[in-house]
> 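Sharing a structure here in structure tokens format.
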Amino acid sequence: MGGPVSENGTPWNELPGATGGVRKAMTPRPKNPITLFTDLVKGIVRAIMGNWIPNEIIVIPGDVNPLQYLSHLMGIRWAQVDTIQEGVDDLKGRFDLMSPYEDRGSAYADGSGSIVNVGKVSFNNKIGESKGCDLINGGWLLYDAGSWRVLARVAPSFTIGGGSVGWEIRCFREDGSFYRAKRYENSNSGAHTTDLSGTFTVPGPNYRIEVWITDLIIGRATRGGSTLTELSVDHISRSIVNPGG
């Protein structure tokens, strides 16, 4: 269909005077098909590489086939996507190692006033909610492999005899065999609290954490309660590299 015409059949843009001049200025000239194709490629490049790229930066050499140019840029873009995906996958692996931060438990002991108080300290009173572990038979059963940070606190009573105190955080395998230990010693004869902490890296689930007193003079008691005693475990990583001694 042709453009608008005047009453005498003359096309509007061919009329003499201002009216025809305005129409000529408003009528775009058709582009060369090659130019149209090049502009199309540039538009696709902008869609691939990002709209922030100005048109004047996208220069297609005259001796280069626009389709080849587009294919090359798409290859660069997909390489960037692959690199980003590899980075995301790597981060997923790292988050998997670091994700167990919510696995934890805390408990306190009742204490004992028996004549002989060496041996296992029973932490039978859970503090708050536990996750990834469970308080069983006075110690913590760990449900996942990796590194667990352990904090233990005991409270020997006053004594007029020898002041030597020795105690350990012990870790046992699922079959009950000994795995690792952290030891503490002091010669304080007064009533006091004493802390011991350490990291235990276990290669699998169902390892146990317990507290054992190894040296305490006969008749010296171990005090209890939530303000004086504590056995806490925190899962800090699933990595099992270098478990330590």
Side-chain angles (χ1 to χ4, degrees), residues 93-112 114 116-156 162-188 192-217 220-226 228-245:
R94 293 178 184 272
F95 282 130
D96 179 65
L97 290 177
M98 301 301 292
S99 61
Y101 273 135
E102 293 184 357
D103 294 348
R104 62 184 59 199
S106 185
Y108 68 91
D110 289 326
S112 174
S114 303
V116 178
N117 291 304
V118 295
K120 178 181 172 181
V121 181
S122 292
F123 286 83
N124 288 321
N125 306 283
K126 187 183 292 187
I127 302 172
E129 182 182 3
S130 62
K131 183 177 180 181
C133 56
D134 204 359
L135 191 64
I136 298 176
N137 296 327
W140 286 106
L141 180 64
L142 311 178
Y143 288 143
D144 201 357
S147 294
W148 291 77
R149 186 70 174 170
V150 181
L151 169 67
R153 175 181 296 164
V154 296
S164 176
V165 177
W167 60 290
E168 299 175 348
I169 302 174
R170 295 180 180 178
C171 183
F172 298 90
R173 298 182 179 89
E174 184 176 5
D175 62 6
S177 60
F178 175 77
Y179 178 63
R180 299 276 190 272
K182 301 291 183 181
R183 181 171 176 80
Y184 180 87
E185 298 175 348
N186 72 35
S187 56
N188 189 340
H192 66 285
T193 59
T194 177
D195 293 351
L196 177 60
S197 63
T199 300
F200 293 81
T201 300
V202 297
N206 299 322
Y207 279 64
R208 292 178 53 81
I209 297 292
E210 299 175 355
V211 172
W212 287 69
I213 295 178
T214 58
D215 300 293
L216 195 68
I217 191 171
R220 190 175 189 182
T222 56
R223 298 172 295 160
S226 60
L228 295 175
T229 64
E230 182 178 354
L231 178 59
S232 297
V233 294
D234 288 275
H235 198 184
I236 59 176
S237 173
R238 287 197 174 94
S239 172
I240 56 175
V241 178
N242 300 325

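Just the heavy atoms: all of them, side chains too, but no hydrogens, waters or symmetry mates, feed the values below. Residue numbers count from 1 along this sequence.
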> Checking the side chain of Trp140 only, and the main-chain atoms of Leu231 only, is there a donor and an acceptor separated by less than 3.5 Å?
yes
> Decide yes or no on salt bridge (charged side-chain N to carboxylate O under 4.0 Å, His left out) for Glu210 and Arg208, but give the supporting numbers first.
CA-CA 7 Å; Glu210 299 175 355; Arg208 292 178 53 81; 2.8 Å; yes
> Is a side-chain donor or acceptor of Asn186 paired with a backbone partner of Asn188 at a separation under 3.5 angstrom?
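The answer is yes, because a donor-acceptor pair under 3.5 Å joins these two groups.
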> Take Trp148 and Cys171 through the side chain to side chain contact (heavy atoms under 4.5 Å, CB included) test and state the conclusion after the steps.
CA-CA 11 Å; Trp148 291 77; Cys171 183; over 6 Å; no
> For Thr199, which residues count as a side chain to side chain donor-acceptor pair (under 3.5 Å) partner, sequence neighbours excluded?
Arg149
> Atom CG in Leu196, atom CG in Leu151: separation rounded to 0.5 Å?
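Between Leu196 CG and Leu151 CG, I get 8.5 Å after rounding to 0.5 Å.
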> Please test Lys131 against Glu129 for salt bridge (charged side-chain N to carboxylate O under 4.0 Å, His left out), starting from the C-alpha separation and ending with a verdict.
CA-CA 7 Å; Lys131 183 177 180 181; Glu129 182 182 3; over 6 Å; no
> Any idea which heavy atoms bring Ala152 and Val211 closest together, and the distance?
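In this case the closest contact between Ala152 and Val211 is CB-CG2, 3.8 Å.
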> Looking at every heavy atom in both Gly224 and Thr229, which two are closest together, and how far apart are they?
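Heavy atoms of Gly224 and Thr229 come nearest at CA-CG2, 3.9 Å.
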> Could you state the interatomic distance from CD1 (Ile127) to OG (Ser226), rounded to the nearest 0.5 Å?
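Going from the CD1 atom of Ile127 to the OG atom of Ser226 covers 6.0 Å.
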> Go through the structure and list residues passing side chain to side chain donor-acceptor pair (under 3.5 Å) with Asn124, not counting sequence neighbours.
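For Asn124 there are no side chain to side chain donor-acceptor pair (under 3.5 Å) partners, ignoring immediate neighbours.
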> One pair to check against side-chain hydrogen bond (donor to acceptor under 3.5 Å, both in side chains): Ser237 and Ser147. What are the steps and the verdict?
CA-CA 5 Å; Ser237 173; Ser147 294; 5.1 Å; no
> Strictly distance-based, threshold 3.5 Å: is any side-chain N or O of His192 a donor or acceptor partner for the main-chain N or O of Thr194?
no
> Carefully, step by step, assess Arg183 and Glu168 under the rule salt bridge (charged side-chain N to carboxylate O under 4.0 Å, His left out).
CA-CA 4 Å; Arg183 181 171 176 80; Glu168 299 175 348; 3.2 Å; yes
> Could you pull out the closest heavy-atom pair between Gly105 and Ser130, with the gap in Å?
CA-CB, 4.0 Å
> According to side-chain contact (heavy atoms from CB on, under 4.5 Å), who are the partners of Ser114, at least two apart in sequence or on a separate chain?
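Ser114 satisfies side-chain contact (heavy atoms from CB on, under 4.5 Å) with Ser112, Asn117 only.
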> Is any side-chain heavy atom of Thr222 closer than 4.5 Å to one of Val154?
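Not touching, per the 4.5 Å side-chain cut-off.
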> For Lys120 and Asn137, indicate whether the former's side chain and the latter's backbone hold a donor-acceptor pair under 3.5 Å.
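Yes: the side chain of Lys120 pairs with the backbone of Asn137.
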> Show the nearest heavy-atom pair for residues Ala109 and Asn125, with the distance to one decimal.
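So the minimum-distance heavy-atom pair works out to C-ND2, 4.1 Å.
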> Give, for atom CD1 of Ile209 and atom CZ of Phe123, the distance between the pair rounded to the nearest 0.5 Å.
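Reported to 0.5 Å precision, the distance equals 12.0 Å.
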> Has the side chain of His235 got a donor or acceptor atom that lies under 3.5 Å from a matching backbone atom of Ala145?
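Yes; at least one donor-acceptor contact below 3.5 Å.
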> Closer than 3.5 angstrom, by distance alone: can the side chain of Arg153 be matched with the main-chain N or O of Tyr108 as a donor-acceptor pair?
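Here the side-chain-to-backbone pair does not exist.
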> Hey, what's the ring geometry for Tyr207 with Tyr179, parallel, tilted or perpendicular (30° and 60° as the breaks)?
perpendicular
> Sequence neighbours excluded, which residues qualify as side-chain contact (heavy atoms from CB on, under 4.5 Å) partners of Ser164?
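With sequence neighbours excluded, Ser164 shows a side-chain contact (heavy atoms from CB on, under 4.5 Å) to Asp215, given in chain and number order.
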> List in chain and number order the residues that pass side chain to side chain donor-acceptor pair (under 3.5 Å) with Arg173, two or more places apart in sequence or in another chain; answer none if no residue qualifies.
Ser177
> Taking atom CH2 of Trp212 and atom CZ of Arg170, what is their separation to the nearest 0.5 Å?
5.5 Å
> For Arg223, give me all partners under side chain to side chain donor-acceptor pair (under 3.5 Å), at least two apart in sequence or on another chain.
none
> Do you know the tightest heavy-atom contact between Leu216 and Val118?
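Closest approach of Leu216 to Val118, heavy atoms only: N-CG1, 3.8 Å.
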> Which heavy atom of Tyr143 sits nearest to which heavy atom of Asp134, and what is that distance?
OH-CB, 3.3 Å
> Quick one: do Glu230 and Ser106 satisfy side chain to side chain contact (heavy atoms under 4.5 Å, CB included)? Show the steps, please.
CA-CA 7 Å; Glu230 182 178 354; Ser106 185; 3.3 Å; yes
> Using side chain to side chain contact (heavy atoms under 4.5 Å, CB included), reason through Asp234 and Asp103 one step at a time and then give a plain yes or no.
CA-CA 6 Å; Asp234 288 275; Asp103 294 348; over 6 Å; no
> In Å, rounded to the nearest 0.5 Å, how long is the span from CZ of Arg238 to OG1 of Thr201?
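Between Arg238 CZ and Thr201 OG1, I get 14.0 Å after rounding to 0.5 Å.
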> Would you say Arg220 and Val165 make side-chain contact, with heavy atoms under 4.5 Å?
yes
